[in-house]
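Positions are given from 1 along the sequence. It should be emphasised that the depicted structure is a prediction, and the values quoted were computed from it without experimental measurement.
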Amino acid sequence: MGFSRRIVALFALLFISACSAKTVYQTAKDSDALSTLVAAIDAAGFKNLLNNPNFKGTVFAPTNDAFAILLDNLGVTAEELLGNTELLQTVLRYHVIPDDRLTTQSLEQLQSWGTDLDDDQVLDIFKSPKGTVRIYYGGVQPGRRSLKYPGSAKIIPGLRNIRADRAIVQVIDRVLVPKL
């Protein structure tokens, strides 16, 4: 299936999921384009958290293509990554902003958000005047004095603001990797 057909299929599945008030986990599981994320959630032991209808927050959901880029950059296989539970838990927690449901409409030009990982492990989210949303990650900002961005991810247009019970899912084109 071509890239554009996969995006259309992903959009349709996520739109249907959003309309039926599924959990974050169920929403991801219903999309073939998020199957690696689902495998990572299962391997990390986070299924119960993200399958809870009372979970409130924002989850940045990397596509299978995003995981393929990460695997290539790390020089590891999917099995090796999925076998490293500690690393998976750290990386996945970096994709969660607890208690805040961030929609692209609610974002201002530049905001910093604490992740589930650590208060110092923030995501800086930039919204351009045209509405493109980019997430800068991987830098620790002690006292907010220095900004270091080893990477950035983009929320995929057409795949944003997906409601999953009390949470919001934002599908992204890269895996967010914290400073380890």
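In terms of modelled atom types and a separation under 3.5 Å, the side chain of Q89 and the main chain of A44 share a donor-acceptor contact. A distance-only check finds no donor-acceptor pair linking the side chain of Y137 to the backbone of V122 [under 3.5 Å]. Judged purely by atom type and a 3.5 angstrom limit, T132 has no side-chain atom pairing as donor or acceptor with the backbone of S128. A donor-acceptor pair is defined here as one N or O able to donate and one able to accept, closer than 3.5 Å; no such pair exists between the side chain of D124 and the backbone of Y136. In this structure, K56 contributes its side chain and P98 its backbone to no donor-acceptor pair below 3.5 Å. Judged purely by atom type and a 3.5 angstrom limit, D173 has no side-chain atom pairing as donor or acceptor with the backbone of A66. One N or O on the side chain of T58 and one on the backbone of L102 form a donor-acceptor pair closer than 3.5 Å. Here the side chain of S106 pairs a donor or acceptor atom with the backbone of T103 at under 3.5 angstrom. In this structure a side-chain-to-backbone donor-acceptor pair under 3.5 Å is missing from Q170 to V59. Judged purely by atom type and a 3.5 angstrom limit, H95 has no side-chain atom pairing as donor or acceptor with the backbone of A61.
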- request: Please lay out, stage by stage, how F46 and R93 fare under the test side-chain contact (heavy atoms from CB on, under 4.5 Å).
  value: CA-CA 9 Å; F46 287 165; R93 287 179 60 208; 3.7 Å; yes
message: side-chain contact (heavy atoms from CB on, under 4.5 Å) for D165 and F55? Distances and angles first, verdict last.
response: CA-CA 8 Å; D165 283 327; F55 170 78; over 6 Å; no
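Note: N51 CG to I41 CD1 = 9.5 Å, rounded to the nearest 0.5 Å.
Within 6.0 Å of the CD atom in E86, the count of heavy atoms belonging to other residues, nucleotides or ligands does not exceed 12.
Remark: N54 pairs with N52, R166 by the side-chain contact (heavy atoms from CB on, under 4.5 Å) rule, at least two apart or across chains.
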